[in-house]
*Asks:* 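One structure, pasted below without further comment.
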Amino acid sequence: MGKKIRVLVGKPGLDGHDRGAKVVAAALRDAGMEVIYTGLHQTCESIVEAAVQEDVDVIGLSILSGAHMTIFSKVLNLLKKRHATQILVIGGGIIPLEDMKKLEKMGVGKLFGPGTPTTEIVDWINECAFAKTEQPKTKRVKAKKSRKIKVRRKRKK
Amino acid sequence: MTKKDWEGKLKMHKERDSEFTTVSGTPVKSLYTPDDIQDMDYGRDLGYPGEFPYTRGVYTNMYRGRLWTMRQFSGYATPKDTNKRYKYLLKHGQTGLSVAFDFPTLYGRDSDDSFSHGEVGKCGVAVDTLRDMEIIFDGIPLDKISTSMTINPPAAMLLAMYIAVGEKQGVPAHVLTGTIQNDMLKEYQAQKTWIYPPEPSMRIITDILAYCTDHVPKWNTISISGYHIREAGSTALQELAFTLANGFTYVEHGMQAGLSVDKFAPRLSFFFNAHLDFFEEIAKYRAARRIWARLMRGKYGAQSPRSYLVRFHTQTAGCTLTAQQPENNIIRTAFQALSAVLGGTQSLHTNSMDETYALPTEQAVKVALRTQQLIAYESGVAQVIDPLGGSYYVESLTRQMEKGAYDYFEKINKMGGVIPAIEKGFFQKEISRSAYEYQKALEQRKKFQVGVNIFEEEEKPDIEILKIPAAVEKNQIKELKKVKKQRNNARVKEKLKDLRKAARNGENVMPRILACVKVYATLGEMCNTLKEEFGVYHEPIIF
C-alpha cells in the first residue's frame with residue numbers, strides 16, 4: 001500500500017474523556033498511519049469539515065458521554081450532505097451493545113468497546129483500506145466534485 | 001539465618017516472571033525486611049493517628065469512632081429521577097450524597113444550548129436553574145446530610161443554588177456541610193471540563209474560598225482531585241505528585257489574595273483514586289498525608305493542625321472496570337475499596353459492575369454500596385487503626401512515593417509552577433505517555449486484565465442496562481422554558497448586570513451569583529456573562 005492511511009480522531013460534543021482517543025491516536029500513528037487529532041469539544045460540523053479538508057480515509061469518534069446515538073447519526077448525515085460517504089466512520093467509548101448494533105446498521109463501520117486491543121483497531125482499518133484498494137480504479141480523487149463516484153463505490157457489505 | 005544466606009537460597013528458586021512491578025511500573029523486591037525501613041523514625045515519620053505528620057490517619061480514633069461516609073456518586077436524567085435515586089440510596093444505608101451532573105451542566109450550558117443536544121441528562125442530572133436543585137433535594141433535609149457536588153467551572157453557581165435551597169428549607173448557610181470539587185487545575189491537566197482560562201478560574205476559586213470562610217464555614221471549598229488524573233492514565237506517583245502540587249498552588253493563591261492560611265486551608269479536602277495495586281494505593285494515601293502536613297507547616301507556615309490534614313474522599317477506579325465478564329467488576333471494586341479503607345479514607349464511592357456500558361442500574365449500585373457495608377461490618381478491618389502501619393513493604397513504598405513526589409515538585413517549580421506547566425502541556429504529556437505505556441503493557445501481556453487479556457471467554461455479556469429516554473431532553477427544555485416564563489426577567493437582567501460589574505472590577509462574585517440564582521437566572525446565563533468578561537480556554541493539542 002503506497003499511500004499512508006489518513007485517520008481523523010475526533011472528540012465530538014462536551015465529553016472530556018480523552019484517554020482512549022489519545023491512546024488510539026498514538027497507536028495508529030505508531031502503526032504507520034497519518035493521524036489528525038481534533039482536540040476536545042468539537043462540533044459534528046467541524047469534524048466533518050476537517051475530515052473533508054484533510055481528505056482522510058477514516059473518522060474515529062470517541063464518545064463516553066452517552067450522546068453516541070445523536071452524534072454518530074449527525075456525522076453520517078453531514079458526510080452524506082458533503083458527498084463524502086467514502087470516509088469510513090468508526091468509534092469507541094461507553095456504548096451499550098444494543099446501541100452498537102443500531103449504530104452499525106445506521107452505517108457506522110465498527111465500534112470498539114472497552115478492552116479492545118489497539119492492534120485490533122489497526123488491523124481492522126488496514127483490512128478495510130486493503131479491501132478498498134483491491135477494487136479497480138482506486139486512485140484517490142482529490143477534487144471534491146468527483147466524490148460522487150466514490151459514493152457509489154462505498155461499502156455495500 | 002542471615003539475610004545474605006536467605007538471599008542465596010532464594011536465587012536457587014526459579015521465579016514465575018523476569019520482573020515484578022506495581023501496576024504503575026515501579027519495580028518491587030521479593031521481600032522487604034527491617035533493612036528497608038532502617039532510617040525510619042517512628043515519632044518523626046509515622047507518629048500516632050491524629051498526630052503530626054498524620055501518616056497513620058488524620059483522626060485519633062479513626063473508624064472506631066465513626067466509619068467513613070458511604071457516598072455513592074449518583075445522578076441521571078431529570079431532577080425528579082435523581083431525587084428518587086437519592087431516596088433509594090439513603091433507604092439502603094448510604095450516609096452522604098454526591099451529585100453527578102450531566103455534561104451541559106458541567107460546562108455551564110443550558111439544556112437548550114445547541115452544544116447540549118444529545119447530552120441532556122445522559123451522564124448525570126441536568127440543572128438549569130434553582131428550580132432543578134429544589135426538586136433534586138426535595139424531602140432531603142440539608143441540615144442532616146452532607147452533599148458533595150462534582151462541579152468545577154460553574155462551582156460557584158451550584159454552591160449558590162445549594163445555599164438557596166437550604167434557605168428555602170430553613171437551613172442557614174453556616175449549618176450546611178458538603179463539598180464542591182472546584183478544582184480547576186486538574187481540569188486543565190486531566191478531566192478537561194473548562195470554560196475560562198486558568199487565571200480567571202483561579203480568581204473565582206479564591207472568591208469562593210473567601211466567601212465560604214465567612215458564610216459557609218463547614219463547607220469543603222475545594223476537593224483537590226487526583227482521581228481524574230489517574231483515570232486519564234497517570235501512574236500512582238503522578239496522581240500523588242500532581243494533586244499535591246495543585247493543592248499547594250491553591251494555598252499560594254489564597255495567601256496571595258490576602259487570606260490567612262489557617263482560615264481557608266482547613267476546608268480544603270482531597271479526592272483520590274483507588275486503583276488496582278493494593279499496597280501501592282495504600283502507600284499513596286499515607287505519603288499524601290505526610291507530605292501535606294510537613295509542607296503546610298514547614299513551607300507555608302500554617303499554625304493550626306487542621307491545616308495539616310489530608311481529609312480525603314476515594315472512588316474506586318472506573319478505568320479498571322472491564323466490559324468483558326462484568327460480574328468480575330464487583331470483586332475488583334471490593335479490593336480497591338479495601339485499599340481505600342486501609343489507607344484511611346474519610347468517604348468512599350464504590351463503582352458498579354455495569355459502568356463500562358452505561359450509568360448503573362439500581363440493582364448494580366446496591367451491590368456496590370453493600371460492598372462497602374461488608375468491609376465495614378464484616379471484614380474486621382475497621383476495628384483497628386491503621387493495621388498496616390509498620391509493614392516493611394508499605395512503609396518502604398510510602399517513603400519511595402514521598403521521594404518521587406518531591407522530585408516532581410522540583411521539576412514543576414523549575415517550569416515556573418503548575419499553571420505555566422499546564423500551558424506547556426507538561427502534565428498532559430506525562431499522563432498520556434503513562435496511559436499509552438500501560439495500554440502497550442496490556443497488549444504485550446506484561447500486565448493483565450482478567451477477562452480481557454487472560455482467562456478470556458467467548459461471550460456477549462447480557463446484563464441489564466439503565467436507559468435514559470430521549471424524552472428527558474425535551475422535558476427538561478420544557479421545564480426550563482416554564483421557569484423563564486414565570487420569573488421576573490427584568491430582575492434577572494439587573495442581577496446579571498451586577499455580576500458582570502463584579503467580575504470586571506474585582507469584587508467577590510459569590511454574593512452576585514447568589515443574587516442571580518435566587519431570581520432564577522439560568523446556569524448558562526450566568527456562565528455566559530462571565531465568559532464575556534473572562535474569555536474562554538483553548539487547550540494545547542497533544543497526544
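Any value given below was found using the heavy atoms of this structure, including those in side chains, with hydrogens, waters and symmetry copies removed.
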*Asks:* Drop me the distance from B:Arg433's CZ to A:Lys22's NZ, to the nearest 0.5 angstrom.
*Replies:*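 Going from the CZ atom of B:Arg433 to the NZ atom of A:Lys22 covers 13.0 Å.
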*Asks:* If you look only at distance, which donor and acceptor atoms sit under 3.5 Å apart when one is on a side chain in residues 93-108 of chain A and the other is two or more places apart or in another chain?
*Replies:*
residue	atom	partner	partner atom	Å
A:Glu98	OE1	B:Lys467	NZ	3.3
A:Asp99	OD2	A:His68	NE2	2.8
A:Glu104	OE2	A:Leu111	N	3.2

*Asks:* Is the count of non-hydrogen atoms from other residues, nucleotides or ligands lying under 6.0 Å from B:Glu464 atom CD greater than 12?
*Replies:*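 Atom CD in B:Glu464 is not crowded, with 12 or fewer foreign heavy atoms closer than 6.0 Å.
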*Asks:* Measure the spacing between NZ of B:Lys192 and CZ of A:Arg19 and express it to the nearest 0.5 Å.
*Replies:*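 So the gap between those two atoms works out to 12.0 Å.
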*Asks:* Non-hydrogen atoms of chain B under 4.5 Å away: do they reach the side chain of A:Ala21, the backbone, both or neither?
*Replies:*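 No part of it gets close to chain B.
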*Asks:* Could you check which of B:Leu106, B:Thr193, B:Thr356 has the highest count of heavy-atom pairs closer than 4.5 Å to chain A?
*Replies:*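 Heavy-atom pairs under 4.5 Å are most numerous for B:Thr356.
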*Asks:* Given that the side chain runs from C-beta out, which part of B:Glu355 has a heavy atom under 4.5 Å from chain A: side chain, backbone, both or neither?
*Replies:*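 For B:Glu355, the backbone is the part near chain A, not the side chain.
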*Asks:* Between A:Pro12, A:Gly115, A:Gly113, A:Ser65, who has the most heavy-atom pairs with chain B when the cutoff is under 4.5 Å?
*Replies:*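 With the most close heavy-atom pairs to chain B, the winner is A:Ser65.
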*Asks:* Check whether B:Pro104 gets within reach of chain A through its side chain, its backbone, both or neither, counting any heavy atom under 4.5 Å.
*Replies:*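 Interface part for B:Pro104: both.
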*Asks:* Shortest non-hydrogen contact from B:Tyr436 to A:Val23?
*Replies:*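 Shortest heavy-atom contact: CE1-O, 3.9 Å.
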*Asks:* To the nearest 0.5 Å, what is the distance between OH (B:Tyr537) and NE2 (A:His41)?
*Replies:*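 With rounding to 0.5 Å, OH (B:Tyr537) is 11.0 Å from NE2 (A:His41).
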*Asks:* Please say whether more than 12 non-hydrogen atoms of neighbouring residues, nucleotides or ligands are located less than 6.0 Å from NZ in B:Lys446.
*Replies:*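 Incorrect, the count does not exceed 12.
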*Asks:* Counting only non-hydrogen atoms closer than 4.5 Å, does A:Val35 touch chain B with its backbone (N, CA, C, O), its side chain (CB onward), both, or neither?
*Replies:*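 Contact with chain B: backbone and side chain both.
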*Asks:* Please rank A:Ala26, A:Gly20, A:Gly13 by heavy-atom pairs under 4.5 Å with chain B and give me the top one.
*Replies:*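 Highest number of heavy-atom pairs under 4.5 Å: A:Ala26.
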*Asks:* Sort by residue number and list every residue of residues 112-124 of chain B having at least one heavy atom under 4.5 Å from chain A.
*Replies:*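 Hits under 4.5 Å: B:Phe115, B:His117, B:Gly118, B:Glu119, B:Lys122, B:Cys123.
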*Asks:* Taking every heavy-atom pair that is under 4.5 Å apart, which of B:Ala323, B:Ala358, B:Ala435 has the most such pairs with chain A?
*Replies:*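 Looking at each option in turn, the highest pair count goes to B:Ala435.
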*Asks:* Once you round to the nearest 0.5 Å, how far does CG of A:Leu40 lie from NE2 of B:His538?
*Replies:*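 A:Leu40 atom CG to B:His538 atom NE2 measures 12.5 Å (nearest 0.5 Å).
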*Asks:* Can you tell which of B:Phe103, B:Trp194, B:Tyr438 has the highest number of heavy-atom pairs within less than 4.5 Å of chain A?
*Replies:*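 If we count pairs closer than 4.5 Å to chain A, B:Phe103 comes out on top.
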*Asks:* Considering only heavy atoms, which portion of B:Ser432 lies under 4.5 Å from any heavy atom of chain A: side chain, backbone, both, or neither?
*Replies:*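 Just its side chain gets close to chain A.
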*Asks:* For chain B, find which of A:Thr118, A:Thr38, A:Val24 contributes the most heavy-atom pairs closer than 4.5 angstrom.
*Replies:*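 Max contact count across the listed options: A:Thr118.
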*Asks:* For a quick test of reading the model, state the closest non-hydrogen atom pair linking A:Thr116 to B:Glu443 and the distance between them.
*Replies:*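 Reported closest heavy-atom pair: O-OE2, 4.5 Å.
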*Asks:* I'd like to know whether CZ of B:Phe455 has more than 12 heavy-atom contacts from other residues, nucleotides or ligands below 6.0 angstrom.
*Replies:*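 Open.
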*Asks:* Please answer whether the main-chain N or O of A:Pro114 pairs with a side-chain N or O of B:Gln324 as donor and acceptor at a distance below 3.5 Å.
*Replies:*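 A pair under 3.5 Å: yes.
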